[in-house]
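The first residue of the sequence shown is numbered 1, and numbering continues consecutively from there. Every value quoted in this text rests on a predicted model; they were computed, and no experiment measured them.
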Amino acid sequence: MTTNAGEAPKRPRRRAPAGAAVLREDVTEAIRAAVFEELAAVGYARMSIEGIARRAGVGKTAVYRRWRSKLHLVLDVVSAMAVMGLPAPDTGSLEGDLRLLYEVTSRALRHPVASQIIPDLQAEAARNADIAEALQKALRDGQEGVASKVVAAAEQRGEVRAGVDPDLALDLISGPLYWRSVVIRGGGLPRGYLDDLARATAGALRAL
């Protein structure tokens, strides 16, 4: 390439390296949604990258460009549940906050996808420490964040004493509904159950 005297030669324009295409976010979200659907349909053990890709309407390469294996894919999706969280209720009373929290949580647990996925992943967690850790974080972090806000607001209103044990409070708030909806799974909740549970939990928190 020739240049005029005194001029520095122009550098050729660099091209992006092959394979460096930007990952499309809509494809990533479609794959994540397909993971939930596939888990609910066939469970973790029978789930495959092929099935996920087919359900998402993409090729297997699109999945493997984002995750190395179905384990890493499931761990990513489950861990993402932790940051979604639940909305912190603000009704002005402890019992009201608990009642609203239980209503939102019970609806989420009754969802067909959640009702299938959570028990299946719990069974898989007994055999896989990575899944156990991710599942615990996803379930605990979301509930813990909301429960701590409910208790903190109750402390400010003088409904519970200051310095309530946060772990015990979390057990009292989250344990009964989870037991009834996920472990027992005996159909729908009885009429008035959430009202009674909110009243009983509020009384237990005041007694701490």
Side-chain angles (χ1 to χ4, degrees), residues 19 21-87 101-147 167 170-190 193-194 197:
V22 176
L23 298 179
R24 288 173 48 186
E25 186 62 26
D26 61 329
V27 173
T28 302
E29 290 306 312
I31 295 172
R32 287 196 173 110
V35 171
F36 282 109
E37 295 172 3
E38 194 73 0
L39 277 171
V42 303
Y44 177 82
R46 295 174 55 196
M47 188 181 74
S48 66
I49 295 297
E50 290 82 357
I52 294 169
R54 183 168 55 251
R55 193 179 289 271
V58 300
K60 289 191 299 181
T61 303
V63 181
Y64 281 119
R65 286 175 62 195
R66 292 163 171 82
W67 298 277
R68 298 199 303 273
S69 66
K70 79 170 185 178
L71 173 59
H72 290 90
L73 175 50
V74 169
L75 290 178
D76 174 66
V77 171
V78 171
S79 297
M81 292 167 56
V83 300
M84 292 170 61
L86 294 169
L101 175 60
Y102 288 148
E103 178 64 31
V104 173
T105 304
S106 66
R107 287 181 182 176
L109 292 175
R110 289 198 307 269
H111 191 282
V113 173
S115 64
Q116 287 290 111
I117 289 177
I118 293 177
D120 181 65
L121 287 181
Q122 283 180 322
E124 198 64 35
R127 299 183 290 269
N128 189 310
D130 291 331
I131 289 182
E133 182 179 357
L135 185 61
Q136 181 186 44
K137 179 177 176 60
L139 294 176
R140 182 181 178 86
D141 285 7
Q143 288 288 328
E144 189 173 37
V146 176
D167 290 330
L170 177 62
D171 290 344
L172 288 171
I173 292 173
S174 301
L177 184 57
Y178 184 82
W179 169 265
R180 186 66 178 257
S181 300
V182 178
V183 180
I184 300 299
R185 302 181 71 182
L189 298 174
Y193 176 81
L194 295 182
L197 180 59

> In Å and rounded to the nearest 0.5 Å, what is the CD1 to CZ distance from Ile31 to Arg24?
Replying inline: 10.5 Å
> At their closest point, which heavy atom of Val27 faces which heavy atom of Ala62, and how far apart are they?
Replying inline: CG1-CB, 4.4 Å
>> On a heavy-atom basis, which atom in Ala41 and which in Arg55 lie closest, and how many Å separate them?
In response: CB-NH2, 3.7 Å
> With distance as the sole test, does Lys70 use its side chain to make a donor-acceptor pair with the main-chain N or O of Val35 at under 3.5 Å?
Replying inline: no
> Can you check whether Leu177 reaches Leu189 side chain to side chain, under 4.5 Å on heavy atoms?
Replying inline: yes
> How many angstroms lie between CZ in Arg66 and CG in Asp76, if you round to the nearest 0.5 Å?
Replying inline: 11.5 Å
>> Quick test of your reading of the model: are Arg54 and Glu50 salt-bridged, counting only N-O distances below 4.0 Å?
In response: no
> In Å, rounded to the nearest 0.5 Å, how long is the span from CZ of Arg32 to CG of Leu73?
Replying inline: 8.5 Å
>> I need the minimum non-hydrogen distance between Gly51 and Glu38, along with the two atoms involved.
In response: CA-OE2, 3.7 Å
I'd like a table of donor-acceptor pairs (distance under 3.5 Å, sequence neighbours excluded) in which one partner is a side-chain atom from residues 126-135, with atom names and distances.
unit_1: Arg127; atom_1: NH2; unit_2: Glu124; atom_2: OE1; d: 2.8
unit_1: Asn128; atom_1: OD1; unit_2: Asp130; atom_2: N; d: 3.0
unit_1: Asn128; atom_1: OD1; unit_2: Ile131; atom_2: N; d: 3.2

>> Does any part of the side chain of Met47, heavy atoms only, come nearer than 4.5 Å to the side chain of Val74, both counted from C-beta?
In response: yes
>> How close do Thr28 and Trp67 get, counting heavy atoms only, and between which atoms?
In response: CG2-CH2, 4.0 Å
> For Ser69 and Ile49, which heavy atoms make the closest approach, and how far apart are they?
Replying inline: C-CD1, 4.2 Å
> Within the distance-only criterion (no hydrogens, no angle test), does the side chain of Tyr102 pair as donor or acceptor with the backbone N or O of Ile173 below 3.5 angstrom?
Replying inline: yes
> So, does Ser106 use its side chain to make a donor-acceptor pair with the main chain of Glu103 at under 3.5 Å?
Replying inline: yes
> Where is the tightest heavy-atom contact between Ala30 and Ala56, given as atom of each residue plus distance?
Replying inline: O-CB, 3.7 Å
> Got a donor-acceptor contact below 3.5 angstrom from the Asp120 side chain to the Leu39 backbone?
Replying inline: no
